[in-house]
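Worksheet: one structure, shown below.
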Amino acid sequence: MKKQLLLAMAFVAGVFTANAQGTYSVGEQFLDTDGNLKVTSISSADLGSITSVPGVTLTFGTNTYTIKKHDNPFNEVFTARFEGGNNPVVADGTGCLYKFEVSEDGELDLAYQLGNAKKMYVLDNGTDLTENAMADFPYEVAEKVTEGKTIKVQAGHTYYFFGAGTKLGFYGFTFRKASSGTGISDTAVAKQVIATEYYNVLGMRLNEPAKGLNIIKKIMDDGSSETSKAYME
């Protein structure tokens, strides 16, 4: 059975929203109201730039991208993905390549499908696979996965997301703006926690924390919420 694991907080619709700037979803753009694909392929020229999420501009390596529907019962947002027609050549900006230009500090949640024994990269401000690779990259898995990964990003930096020698599937992303320098806002001081909810990494609600990674959602008296991750032995 293929592994279906979504780790990032914003990967379950309507649950993880703390500091959220916005989400771009391939499925939301290319599936109609009946859940059918509007088109099955599109060129990078026709895709243009994705600017709907404040703080991030997404562009695509020169290529033709296939759009594939993916029914994931644990997620209502990332329901379709891009797959490039050619392997990436990062220095040339061609092939299956996703380029993020960031104007605010924060975190990017990337949703993707990666084949077994294929190396996935995120490069920071450059195209050298060694010098510009972010920590924990290259990343590879023993079996094909559909999952998510969170990276910290900086204003003014450009990030290249791709799989080496593979046409990395890409479902979309969520961007969360970094908190203020103090980490405490004027309104946050007066907030009170009125409820706490627990979720596993698949977004399923738990009655109480379970062994392994838990997502903890605290609901405030002003209607806002804060989320955190905790690993239970």
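Any value given below was found using the heavy atoms of this structure, including those in side chains, with hydrogens, waters and symmetry copies removed. Remember, it's a predicted structure, so these values are computed and weren't measured experimentally. Just so you know, residue 1 is the first one in the sequence shown, and it goes up from there.
- When hydrophobic clusters are built by joining Ile, Leu, Val, Met, Phe, Trp and Tyr residues whose side-chain heavy atoms come closer than 4.5 Å, directly or via intermediates, Val102 is grouped together with Phe60.
- Scanning both residues, Tyr198 and Asn207, for their nearest heavy atoms gives CD1-O, 4.4 Å.
- Between the side chains of Asp222 and Ser224, at least one donor-acceptor pair of N or O atoms lies under 3.5 Å.
- Tyr139 and Phe137 have perpendicular rings, their planes meeting at more than 60° on a 0 to 90° scale where under 30° would count as parallel.
- Counting only heavy atoms from C-beta outward, the side chains of Thr64 and Ile42 never approach each other to under 4.5 Å.
- At least one side-chain heavy atom of Leu108 sits less than 4.5 Å from a side-chain heavy atom of Val56.
- Residue Lys118 comes nearest to Gly165 through the heavy atom pair NZ-O, 3.7 Å, listed as atom of the first residue, atom of the second, then distance.
- By the 4.5 Å heavy-atom criterion applied to side chains, Leu123 and Leu129 are counted as neighbours.
- In this structure, the separation between CD on Gln192 and CG on Asp221 is 6.0 Å, given to the nearest 0.5 Å.
- Between the side chain of Asn132 and the backbone N or O of Asp128 there is at least one donor-acceptor pair closer than 3.5 Å.
- Using bins of under 30°, 30° to 60° and over 60° for the plane-to-plane angle, the ring pair Phe162/Tyr121 lands in the parallel bin.
- Scanning all heavy atoms of the two residues, the minimum distance from Leu114 to Glu140 falls at CD2-CA, 4.3 Å.
- The minimum heavy-atom distance between Gly115 and Val141, with the atom names listed, is O-CG2, 3.8 Å.
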Verdict with supporting geometry, Tyr65 and Glu83, side chain to side chain donor-acceptor pair (under 3.5 Å): CA-CA 5 Å; Tyr65 293 83; Glu83 289 184 1; over 6 Å; no

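- Grouping the Ile, Leu, Val, Met, Phe, Trp and Tyr side chains by contacts below 4.5 angstrom, directly or via other members, places Leu206 apart from Ile219.
- The main-chain N or O of Asp34 is found under 3.5 Å from a side-chain atom of Asp32 such that the two form a donor-acceptor pair.
- The closest side-chain donor-acceptor pair between Thr146 and Gln113 falls under 3.5 angstrom.
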From CA spacing to verdict: side chain to side chain contact (heavy atoms under 4.5 Å, CB included), Ile216, Thr227: CA-CA 5 Å; Ile216 303 171; Thr227 57; over 6 Å; no

Audit row: Thr79, Leu31, side chain to side chain contact (heavy atoms under 4.5 Å, CB included) steps and yes/no: CA-CA 8 Å; Thr79 52; Leu31 292 178; 3.2 Å; yes

Worked verdict on Thr174 versus Phe78 for side chain to side chain contact (heavy atoms under 4.5 Å, CB included): CA-CA 10 Å; Thr174 291; Phe78 300 115; 4.2 Å; yes

Glu226 vs Lys218, salt bridge (charged side-chain N to carboxylate O under 4.0 Å, His left out): CA-CA, chis, key distance, verdict: CA-CA 5 Å; Glu226 297 178 0; Lys218 294 182 179 180; over 6 Å; no

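- To the nearest 0.5 angstrom, Ile151 atom CD1 is 8.0 Å from Phe161 atom CZ.
- Between atom NZ of residue Lys119 and atom OG1 of residue Thr166 there is a gap of 13.5 Å, rounded to the nearest 0.5 Å.
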From CA spacing to verdict: salt bridge (charged side-chain N to carboxylate O under 4.0 Å, His left out), Arg176, Asp109: CA-CA 8 Å; Arg176 291 189 301 279; Asp109 294 332; 2.3 Å; yes

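- Residue Gln29 comes nearest to Lys38 through the heavy atom pair O-NZ, 3.4 Å, listed as atom of the first residue, atom of the second, then distance.
- In this structure, Phe173 has its ring center under 6.0 Å from that of Phe100.
- Distance check: Leu58 CG to Phe175 CZ gives 13.5 Å after rounding to the nearest 0.5 Å.
- Proximity of the aromatic rings of Phe82 and Phe30 is defined here by a centroid distance below 6.0 angstrom, and this criterion is met.
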Residue pair Val122, Tyr160: steps toward the side chain to side chain contact (heavy atoms under 4.5 Å, CB included) verdict: CA-CA 5 Å; Val122 177; Tyr160 300 89; over 6 Å; no

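- Atom CG of Leu168 and atom CZ of Arg81 lie 10.5 Å apart (nearest 0.5 Å).
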Tell me which donor-acceptor pairs under 3.5 Å the side chains of residues 44-54 have, and how far apart each pair is, sequence neighbours excluded?
{"residue": "Ser44", "atom": "OG", "partner": "Asn63", "partner atom": "N", "Å": "3.1"}
{"residue": "Ser44", "atom": "OG", "partner": "Asn63", "partner atom": "O", "Å": "3.3"}
{"residue": "Asp46", "atom": "OD2", "partner": "Ser43", "partner atom": "OG", "Å": "3.3"}

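- When all heavy atoms are compared, the tightest approach of Ser103 to Ala155 is O-CB, 3.4 Å.
- Between the OH atom of Tyr159 and the CE atom of Met134 there is a distance of 5.5 Å, given to the nearest 0.5 Å.
- Judged by distance alone, with hydrogens and angles left aside, the side-chain atoms of Thr94 form no donor-acceptor pair with the main-chain N or O of Gly61 at under 3.5 Å.
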